[in-house]
Novice: 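The structure under discussion is supplied below as structure tokens; questions concerning it will follow.
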Amino acid sequence: MSTDTTTTPTAPVATAAVGDRRPVRFDTKIAVLLRDDLAGWQRLNVTAFLVSGLGTRLPELVGEPYEDADGTAYLPMFRQPVLVLQGGGEVLAAARGRALGRGLPCSVFTADLFATGNDADNRAAVRAVAGDELDVVGLAVHGPRGAVDKVLKGARMHP
């Protein structure tokens, strides 16, 4: 679920030029936070679902399509890295609250969604539970680096 933001999104800014081999430092950050007790397949599934919301809500995060030397076209991807972190349920609940409090666009995946089989049922499952009562197992967020770092306080890098 995306939150509505009052600011106009801008394209992520990198500090190194195209073709430059130095590390690029972006002004914004894309991060996924996963609950640390998920099975491997659940972590991958949740991550894929969560980032799809950011790409559609914030199209400026998506780069240009790819093409190989044979001319075969491929879909575009995010312009910048996606950090994947993990934490306990309390870390996710706090991160959700901080992201919403800062007005950052985010998506959530709740434990109930593992039992649904389609988008309409997914949205109904989230809608049926008050925000503070959601059993959040995953969260994706985008925003200024410092703000995202504060949202993710207490999380650790995914192994």
Side-chain angles (χ1 to χ4, degrees), residues 1-15 23-63 76-159:
M1 313 245 339
S2 295
T3 60
D4 201 9
T5 61
T6 57
T7 58
T8 304
T10 57
V13 178
T15 57
V24 174
R25 181 169 171 87
F26 292 90
D27 293 337
T28 61
K29 185 179 278 189
I30 300 170
V32 173
L33 176 58
L34 302 170
R35 199 167 70 191
D36 56 10
D37 63 350
L38 296 178
W41 72 267
Q42 291 174 318
R43 291 171 186 249
L44 296 170
N45 184 269
V46 169
T47 300
F49 271 98
L50 289 171
V51 297
S52 68
L54 292 176
T56 57
R57 178 65 176 225
L58 302 162
E60 69 276 6
L61 293 179
V62 179
M77 296 185 281
F78 286 130
R79 296 177 184 265
Q80 65 189 89
V82 176
L83 299 175
V84 181
L85 299 100
Q86 66 179 5
E90 66 286 344
V91 172
L92 274 97
R96 179 194 158 277
R98 287 191 292 263
L100 296 175
R102 293 178 177 279
L104 296 177
C106 66
S107 53
V108 295
F109 195 103
T110 67
D112 294 334
L113 303 187
F114 290 123
T116 59
N118 62 71
D119 185 52
D121 289 343
N122 286 350
R123 285 182 282 116
V126 173
R127 190 179 310 111
V129 180
D132 289 341
E133 301 297 318
L134 290 171
D135 185 7
V136 178
V137 299
L139 173 114
V141 64
H142 171 263
R145 295 178 62 82
V148 171
D149 288 343
K150 289 178 181 172
V151 164
L152 300 172
K153 182 180 178 183
R156 59 192 184 282
M157 290 299 293
H158 188 280

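What you see below is based on every heavy atom in this structure, not just the backbone, and it leaves out hydrogens, waters and symmetry mates.
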Novice: Could you tabulate the donor-acceptor pairs under 3.5 Å formed by side-chain atoms of residues 115-122, not counting sequence neighbours?
Specialist:
{"unit_1": "Thr116", "atom_1": "OG1", "unit_2": "Leu113", "atom_2": "O", "d": "3.0"}
{"unit_1": "Thr116", "atom_1": "OG1", "unit_2": "Asn122", "atom_2": "OD1", "d": "2.2"}
{"unit_1": "Asn118", "atom_1": "OD1", "unit_2": "Ala120", "atom_2": "N", "d": "3.1"}
{"unit_1": "Asn118", "atom_1": "OD1", "unit_2": "Asp121", "atom_2": "N", "d": "2.8"}
{"unit_1": "Asn118", "atom_1": "ND2", "unit_2": "Asp121", "atom_2": "OD2", "d": "2.9"}
{"unit_1": "Asp119", "atom_1": "OD2", "unit_2": "Arg123", "atom_2": "NE", "d": "3.1"}
{"unit_1": "Asp119", "atom_1": "OD2", "unit_2": "Arg123", "atom_2": "NH2", "d": "3.2"}

Novice: Restricting to pairs with a member in residues 103-113, which pass salt bridge (charged side-chain N to carboxylate O under 4.0 Å, His left out), not counting sequence neighbours?
Specialist: none
Novice: Below 4.5 Å, heavy atoms only, C-beta onward: do Pro81 and Phe26 meet side chain to side chain?
Specialist: yes
Novice: Assess whether side chain to side chain contact (heavy atoms under 4.5 Å, CB included) is satisfied between Val32 and Val82, documenting all intermediate values.
Specialist: CA-CA 7 Å; Val32 173; Val82 176; 3.9 Å; yes
Novice: Would you compute the distance between atom CG of Leu54 and atom CD1 of Ile30 and round it to the nearest 0.5 angstrom?
Specialist: 6.5 Å
Novice: For a 4.5 angstrom cut-off between non-hydrogen side-chain atoms, does Leu58 reach Pro105?
Specialist: yes
Novice: Which pair of heavy atoms, one from Leu50 and one from Gly138, lies closest together, and at what distance?
Specialist: CD1-C, 3.5 Å
Novice: Excluding sequence neighbours, so at least two apart, what forms side-chain hydrogen bond (donor to acceptor under 3.5 Å, both in side chains) with Asn45?
Specialist: none
Novice: Listed by chain and number, what are the side-chain contact (heavy atoms from CB on, under 4.5 Å) partners of Ala147, not counting sequence neighbours?
Specialist: Arg102, Leu104, Pro144
Novice: Over all heavy atoms of both residues, which pair between Val148 and Ala31 is shortest? Give the atoms and the distance, please.
Specialist: CG1-CB, 4.1 Å
Novice: Evaluate the side chain to side chain contact (heavy atoms under 4.5 Å, CB included) criterion for residues Thr28 and His142: first the C-alpha distance (whole Å), next the side-chain angles of each, then the deciding distance (0.1 Å), finally the verdict.
Specialist: CA-CA 7 Å; Thr28 61; His142 171 263; 3.3 Å; yes
Novice: Nearest 0.5 Å, what's the CZ-CG distance between Arg145 and Asp27?
Specialist: 8.5 Å
Novice: If you measure from CG on Leu85 to CG on Leu139, what distance do you get to the nearest 0.5 Å?
Specialist: 10.5 Å
Novice: State, to 0.1 Å, how close Cys106 and Leu100 come at their nearest heavy-atom pair, and which atoms those are.
Specialist: SG-CD2, 3.9 Å
Novice: With rounding to the nearest 0.5 Å, note down the distance linking NE2 in His158 to CG in Leu83.
Specialist: 13.0 Å
Novice: Given the rule in the side chain to side chain contact (heavy atoms under 4.5 Å, CB included) test, do Leu33 and Leu152 qualify, once you have shown the distances and angles that lead to the verdict?
Specialist: CA-CA 8 Å; Leu33 176 58; Leu152 300 172; 4.1 Å; yes
Novice: Are the side chains of Val137 and Thr110 in touch, meaning some heavy atoms are under 4.5 Å apart?
Specialist: no
Novice: Salt bridge check, Lys29 against Asp149: does any charged N sit closer than 4.0 Å to a carboxylate O?
Specialist: yes
Novice: Taking side-chain contact (heavy atoms from CB on, under 4.5 Å) as the definition, give me every residue that meets it alongside Pro59, ordered by chain and number, with sequence neighbours left out.
Specialist: none
Novice: What pairs of residues pass the salt bridge (charged side-chain N to carboxylate O under 4.0 Å, His left out) test when at least one of them lies in residues 80-101, not counting sequence neighbours?
Specialist: Arg96-Asp132
Novice: Sequence neighbours excluded, which residues qualify as side-chain contact (heavy atoms from CB on, under 4.5 Å) partners of Ala130?
Specialist: Glu133
Novice: According to salt bridge (charged side-chain N to carboxylate O under 4.0 Å, His left out), does anything in residues 34-44 pair up with another residue at least two apart or in another chain? List the pairs.
Specialist: Arg35-Asp37, Arg35-Asp135, Asp36-Arg156
Novice: Counting only heavy atoms not in Phe49 (residues, nucleotides, ligands), do more than 12 fall under 6.0 Å from its CZ?
Specialist: no
Novice: Indicate yes or no for a side-chain donor-acceptor contact from Gln80 to the backbone of Leu61 under 3.5 Å, with no hydrogens or angles considered.
Specialist: no
Novice: Sequence neighbours excluded, which residues qualify as ring pair (Phe, Tyr, Trp, His ring centres under 6.0 Å) partners of Phe114?
Specialist: Trp41, Phe109
